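Count residues from 1 along the sequence. Keep in mind it's a predicted model, so treat the numbers as computed, not measured.
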Amino acid sequence: MRHITRTAVMLCAALGLTAAIGTASAAPGAPPSAPRQVAVPVLVDCLWHPKVRPADFLLACGDGNSRLVSLHWTQWGSRSARATGVNVVNDCKPYCAVGHFHRYAVAVKLDHPKPWKKHPQVQHYTRMVLTYPGDRPEQFPRVVTYPLWD
């Protein structure tokens with residue numbers, strides 16, 4: 001997975017270098033070049049891997065008792081990302097080791113992109129909002145907001 005991070009960083013660096021060289025070598029009066037494409041933010045997982053449009057995402061990193069699965073992304077942009085999927089949650093009754101997992105339909109929104117502390121040249125989403133359109137875990141409100149790690 002470090003290979004993915006390294007590749008993303010190298011691509012960003014190459015794009016920046018290409019843009020700088022292209023600007024410096026452009027002849028006066030040359031037509032303006034196409035706008036530089038901005039890399040979209042990433043979603044950082046529990047193992048500090050950057051993800052774009054992941055099919056699943058672990059919410060409870062410590063114990064694995066809450067996970068998003070079957071994610072279908074309808075948007076992944078510079079300001080936000082949206083998906084629908086399923087939140088699989090352990091009811092922890094009578095305690096988590098013997099609890100049962102239940103599935104709940106959920107809408108996911110990622111937003112508030114900021115530079116990632118580990119790789120400041122990479123933007124990452126810093127907030128996740130889950131909205132349960134139907135059933136939800138009994139201890140959860142209809143809308144749950146999670147700050148995401150730096």
Q | Non-neighbouring partners of R103 that pass salt bridge (Lys or Arg N to Asp or Glu O under 4.0 Å), sequence neighbours left out | A | none
Q) What's the spacing between L68 CG and T84 OG1 if we round to 0.5 Å? A) 11.0 Å
Q | salt bridge (Lys or Arg N to Asp or Glu O under 4.0 Å) against K117, all qualifying residues, sequence neighbours excluded | A | D150
(Q) Which Ile, Leu, Val, Met, Phe, Trp or Tyr residues join V69 in one cluster when any pair of side-chain heavy atoms under 4.5 Å counts as a link? (A) V86, V88, F101
Under 3.5 Å, which donor-acceptor pairs do the side chains of residues 127-135 form with other protein atoms, sequence neighbours left out?
residue	atom	partner	partner atom	Å
R127	NE	D111	OD1	2.9
R127	NH2	D111	OD2	2.8
Y132	OH	N87	OD1	2.6

**Q.** For C46 against W149, the heavy-atom pair lying closest together
**A.** N-CZ2, 4.1 Å
Q) Distance-only, no hydrogens or angles: does the S66 side chain make a donor-acceptor pair with backbone N or O of A60 under 3.5 Å? A) no
(Q) Please give me the minimum heavy-atom distance between P147 and T145, naming the atom from each residue. (A) CD-O, 4.1 Å
Q: Find the distance between CZ (R136) and CZ (R142) and round it off to the nearest 0.5 Å.
A: 4.0 Å
Q: With rounding to the nearest 0.5 Å, note down the distance linking CG in L58 to CG in N65.
A: 9.5 Å
Q. According to the disulfide (SG to SG under 2.5 Å) rule, which pairs have a member within residues 94-134, sequence neighbours left out?
A. C92-C96
Q) Which heavy atom of G77 sits nearest a heavy atom of P41, and at what distance? A) O-CD, 3.2 Å
Q) How many angstroms lie between CZ in R53 and OG1 in T74, if you round to the nearest 0.5 Å? A) 8.0 Å
Q: Could you pull out all residues at least two apart from P54 that satisfy side-chain contact (heavy atoms from CB on, under 4.5 Å)?
A: L43, K51, W73, W76
Q. To the nearest 0.5 Å, how far apart are CD in Q123 and OH in Y125?
A. 9.5 Å
Q. Of the non-hydrogen atoms in Q75 and S80, which two are nearest, and what is the gap between them?
A. NE2-OG, 3.0 Å
Q) Going hydrophobic residue to hydrophobic residue with side-chain gaps under 4.5 angstrom, can you get from V143 over to L110? A) no
(Q) Working to the nearest 0.5 angstrom, can you tell me the gap between H102 NE2 and K93 NZ? (A) 7.5 Å
